[in-house]
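Letters A, B, ... are given to chains in the order of the sequence lines, protein chains preceding strands, and every chain is numbered from 1. All values derive from a computational prediction rather than experimental measurement.
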Amino acid sequence: MIDFKEKIARVLAEHVEGFTAAQLKEMLEVPADSSMGDYAFPCFRLAKTFRKAPPMIAQEIASKLGDALIFEKAENVNGYVNFFLKRAVFTEEVLKEVIEKGKGYGRSDVGEKKKVIVEFSSPNIAKPFHIGHIRSTVIGNAIYKLYDFIGYDTVRINHLGDYGTQFGKMIVSYRRWGNEADVKAEPIKTLLSYYVKFHEEAEKDPSLEDEAREVFTKLENHQPEEVRLWQWFREESLKEFSRVYGMLGIEFDSYAGESFYSDKMGRVIDLLNEKKLLKESEGAQIVELEDYNLAPALVMKKDGSTLYITRDIAAAIYRKETYDFYKNIYVVASQQNLHFQQWIKIIELMGFDWAKDCVHVPFGLVSLEEGTMSTRQGRVVHLEEVLNRAVKQTREIIIEKNVNTDNIDETSKQIGIGAVIFQELSNNRIKDYVFSWDKVLNFEGETGPYVQYTYARASSILRKAEMEVTTAVDYHVLSTDTAYELSKLIYKFPDIILEAADRYEPSILTRHVVDIAQAFNKFYNDEHILVADLEVRKAKILLVSAARNTIKNGLTLLGMEAPEKM
RNA sequence: GCGCCCAUAGCUCAGCUGGAUAGAGUAUUUGACUACGAAUCAAAGGGCCGGGGGUUCGAAUCCCUCUGGGCGCACCA
């Protein structure tokens with residue numbers, strides 16, 4: 001597709017001395033208001049070198065430019081040279097590209113098949129999958145899809161929290177107060193109750209804590225009975241998780257969780273020793289990071305067992321050796337910022353130059369109106385319940401509207417679950433937010449259902465048009481402001497994808513998809529599409545088809561479905 | 001105490017590596033379904049962009065400082 005900005009920069013370069021086309025391209029902007037043109041060149045920075053007032057410079061440039069192949073006029077407004085593209089030329093270029101590429105519109109090969117690992121979701125087993133986990137899960141999935149779409153070779157890893165002292169606690173509690181039948185009937189609920197019970201009892205009898213640590217050490221040393229129980233808990237938990245992943249349409253390439261690295265810890269300790277990074281402190285082994293303005297990192301407890309951070313170091317080394325990644329992305333809560341700074345610095349100190357390729361992508365905290373979530377205190381909202389309620393509400397709305405009740409189960413799922421995903425991907429990931437039922441169950445305005453509705457509407461028009469989509473149309477028909485705005489947003493789509501991937505920020509894409517939907521709805525309301533004049537109808541149908549196609553590609557990247565009817 | 005993050009309309013948030021009158025959604029008021037789906041569209045009101053300094057031709061955006069909030073800081077993950 002033509003890079004219009006590039007073209008304008010080249011034309012400018014012929015008339016502005018001392019700057020390359022590339023430099024000029026950097027300086028080009030998009031005006032705040034489209035009535036001021038499609039691109040703008042601010043002349044303020046040229047004032048010093050040319051020793052003239054910006055409006056004079058702009059005036060001179062504009063008068064020299066006249067018209068060109070791709071723009072019809074360039075004019076000076078307050079020191080800016082504003083460019084107005086030839087709308088029909090622009091629209092033809094964009095729409096042909098979309099129709100030709102179809103599902104691949106926006107795809108690119110900038111990744112050159114380089115390996116990118118995305119670690120996301122990573123719930124703790126034996127604990128409920130709650131609304132706090134949705135962020136990593138949904139944001140991580142979108143980041144994976146974005147990188148996949150722009151040509152990287154991706155690996156999705158679910159770094160399950162399936163190891164650590166907590167399982168010592170679980171086993172102790174199960175042996176004292178639990179039974180097999182209860183676990184089989186309702187695994188996570190029962191296991192969680194053991195965990196809660198443990199903490200209640202440990203308040204009264206602190207020696208239980210030591211007992212739990214001992215049991216975990218046995219697990220680390222592969223004692224058969226402990227390993228058997230742990231494996232059983234893990235399997236039962238995974239069954240429940242896969243149900244939620246199924247609803248969300250999310251898959252992983254690897255479930256190598258923390259336990260997977262349990263036999264790779266010795267090597268990490270040896271390497272740290274070799275590099276003389278270890279230091280004894282109060283009986284434990286630490287890595288001092290004072291020189292880097294970071295708190296010391298505890299890598300081995302006084303009883304010789306390892307910690308979370310040791311496992312992350314082992315995991316990073318393993319991944320480098322196994323996948324030889326170009327980038328190793330971790331979609332993990334911002335609460336763990338320090339933890340990531342610490343271990344990535346340690347990796348660097350160990351002499352691994354690929355430490356710079358490990359990227360922590362943090363996101364803000366989800367809390368409830370009652371306060372921060374606490375599994376132990378039962379203060380949680382289960383993700384499955386959120387999804388189920390969203391689906392149920394969608395179903396009620398469909399019945400009420402009575403537009404299309406075929407496949408109502410399937411459609412309700414697409415929309416209800418889509419609403420939850422979309423909501424999660426709407427804001428900058430770094431922001432904290434308070435979970436609210438009203439908000440996830442609101443389907444109007446900037447929401448998933450709004451975008452899906454727009455898609456269904458576009459699909460409906462195409463069904464009724466009774467004509468093939470063709471790019472052999474009169475593009476002047478699509479030169480109205482509303483049609484042109486829509487084409488411009490469609491044109492930006494591939495760049496938006498690159499930016500969203502580059503900044504690890506799916507919300508950039510989410511916002512843009514909303515913008516396209518809004519522009520489409522405006523066009524839909526402003527102009528009659530299925531007009532009698534077949535030439536006009538043909539052109540408008542082409543734009544509808546391109547918009548619909550782009551919306552679908554966007555939704556797919558966000559991990560959502562696009563229903564034909566709803 | 002130290003470190004990191006956040007602060008924009010009543011509410012929820014956009015605002016790209018500084019650029020023209022700070023934008024959406026929601027809520028409120030009002031208008032549009034005998035044209036293609038009203039989960040829609042249009043209009044109105046609503047802002048010392050947390051406060052104060054600074055850099056710059058130009059700051060919501062960059063720097064300093066203060067205030068308010070969140071998160072983290074040794075044997076949990």
Side-chain angles (χ1 to χ4, degrees), chain A residues 26-27 29-33 36 40 42 44-45 47-48 53-54 77-80 82 122 124 127 161 163-166 169 209 213 258 281-286 293-303 305-309 311-312 333-339 341-342 362 364-365 367 372 394 397-398 400-401 403-404 415 419 426-428 430-434 436 439 442-454 456-465 495-496 499 503 507-508 511 514-515 517-518 521-531 537 540 544 565-566:
Chain A
E26 277 296 299
M27 293 160 82
E29 299 172 4
V30 175
D33 189 332
M36 295 188 289
F44 310 99
R45 266 186 276 177
K48 267 183 194 162
V77 181
N78 301 329
Y80 288 88
N82 288 346
S122 312
N124 290 328
K127 282 193 187 172
Y163 222 54
T165 315
Q166 54 175 326
K169 293 178 185 176
E209 297 275 359
R213 272 192 280 271
E258 291 182 57
S281 173
E282 297 169 37
Q285 297 293 319
I286 65 162
N293 201 25
L294 293 171
L298 186 64
V299 294
M300 193 164 79
K301 299 189 246 179
K302 60 186 168 202
D303 67 1
S305 63
T306 57
L307 288 135
Y308 176 48
I309 195 164
R311 287 190 280 277
D312 261 338
S334 64
Q335 284 150 311
Q336 296 190 25
N337 279 354
L338 175 61
H339 171 254
Q341 283 177 12
Q342 286 177 322
L365 186 82
S367 56
T372 46
T394 306
I397 293 174
I398 291 174
E400 182 195 315
K401 302 206 183 264
V403 177
N404 167 48
I415 299 166
S426 289
N427 296 340
N428 277 347
I430 202 65
K431 303 251 178 173
D432 294 344
Y433 74 90
V434 177
S436 133
K439 237 179 133 181
N442 168 37
F443 293 174
E444 281 162 24
E446 297 170 326
T447 64
Y450 169 83
V451 175
Q452 288 170 320
Y453 175 76
T454 308
R457 229 181 183 186
S459 302
S460 170
I461 290 196
L462 293 181
R463 281 193 301 271
K464 290 188 176 159
D495 276 344
I496 291 287
E499 193 190 347
R503 289 168 57 184
S507 68
I508 292 171
R511 299 258 157 205
V514 169
D515 288 346
Q518 283 174 335
N521 284 320
K522 192 173 170 61
F523 170 68
Y524 179 93
N525 277 279
D526 279 12
E527 302 193 24
H528 188 191
I529 294 159
L530 299 179
V531 288
R537 178 189 282 218
K540 289 185 172 181
V544 169
K565 295 180 183 175
M566 63 187 271

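Partners of A:Phe443 by ring pair (Phe, Tyr, Trp, His ring centres under 6.0 Å), not counting sequence neighbours: none found. A:Arg45 is linked by a salt bridge (charged side-chain N to carboxylate O under 4.0 Å, His left out) to nothing, counting only residues two or more places apart in sequence or in another chain.
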Which protein N or O atoms sit under 3.5 Å from an N or O of nucleotides 55-63 of chain B?
unit_1: B:C57; atom_1: OP1; unit_2: A:Lys48; atom_2: NZ; d: 3.3

Got a list of protein N/O to nucleotides 41-50 of chain B N/O distances below 3.5 Å?
unit_1: B:C41; atom_1: OP1; unit_2: A:Tyr450; atom_2: OH; d: 2.6
unit_1: B:C41; atom_1: O4'; unit_2: A:Asn525; atom_2: ND2; d: 3.1
unit_1: B:A42; atom_1: OP1; unit_2: A:Lys522; atom_2: NZ; d: 3.4

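Contacts of A:Ala333 with the nucleic acid, taken as non-hydrogen atoms under 4.0 Å apart, are absent. Base contact: A:Glu29 has a heavy atom under 4.0 Å from a base atom. A:Ser460 comes within 4.0 angstrom of a nucleotide base, judged by non-hydrogen atoms across all strands. No contact: A:Ile309 has no heavy atom under 4.0 Å from any strand. At the heavy-atom level, A:Ala47 lies nowhere under 4.0 Å from the strands shown. A:Pro31 comes within 4.0 angstrom of a base, heavy atoms only. Using a 4.0 Å heavy-atom cutoff across all strands shown, A:Thr372 reaches sugar-phosphate atoms only and no base atom. Residue A:Pro42 is classed as having no contact, given no heavy-atom separation below 4.0 Å to the nucleic acid. The residue A:Asp312 sits apart from the nucleic acid: no heavy atom pair falls under 4.0 Å.
Seen from the ring of A:Tyr524, A:Arg457 counts as a face-on cation partner, given the 6.0 Å and 45° thresholds.
Taking every heavy atom of both residues into account, A:Asn521 and A:Thr454 meet most closely at ND2-OG1, 3.1 Å.
A:Arg463 has its side chain out of reach of A:Ile461: every pair of non-hydrogen atoms, C-beta onward, lies at least 4.5 Å apart.
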Using a 4.0 Å cut-off on protein heavy atoms (strictly under), produce a 5'-to-3' string for nucleotides 2-15 of chain B with B for base contact, S for backbone-only sugar-phosphate contact, and - for none.
--SSSS----SSSS
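Between A:Gln336 and A:Asp515, the one whose closest nucleotide on RNA chain B sits nearer the 5' end is A:Asp515.
B:C75 atom C1' lies 13 Å from atom CD of A:Gln342, rounded to whole Å.
Distance from the side chain of A:Leu338 is smallest for B:G72 among the nucleotides B:A77, B:G72, B:U17. Closest approach to the A:Ile398 side chain among B:C73, B:C75, B:A39 is made by B:A39 (side chain taken as heavy atoms from C-beta onward). Residue A:Ala40 has its side chain nearest to B:A20 when only B:C75, B:A20, B:G37 are considered. Side-chain atoms of A:Leu307 lie closest to B:C76 of the nucleotides B:C76, B:A74, B:G37. When each of B:G72, B:A77, B:U40 is scored by its nearest atom to the side-chain atoms of A:Gln335, the top-ranked nucleotide is B:G72.
At B:A39, one or more side-chain N or O atoms of A:Tyr453 fall inside 4.0 Å of OP1 or OP2 (strictly under the cut-off).
Stacking between A:Tyr524 and the base of B:C36 is present: ring centres sit under 5.5 Å apart and the planes differ by under 30 degrees.
As rounded to the nearest Å, B:A39 and B:C71 have C1' atoms that lie 37 Å from one another.
For RNA chain B, if you chain together Watson-Crick or G-U pairs that step i with j, i+1 with j-1 and so on, the runs of at least three with distances under 3.5 Å are B:1-7 with B:67-73, B:10-13 with B:23-26, B:28-32 with B:40-44, B:50-54 with B:62-66.
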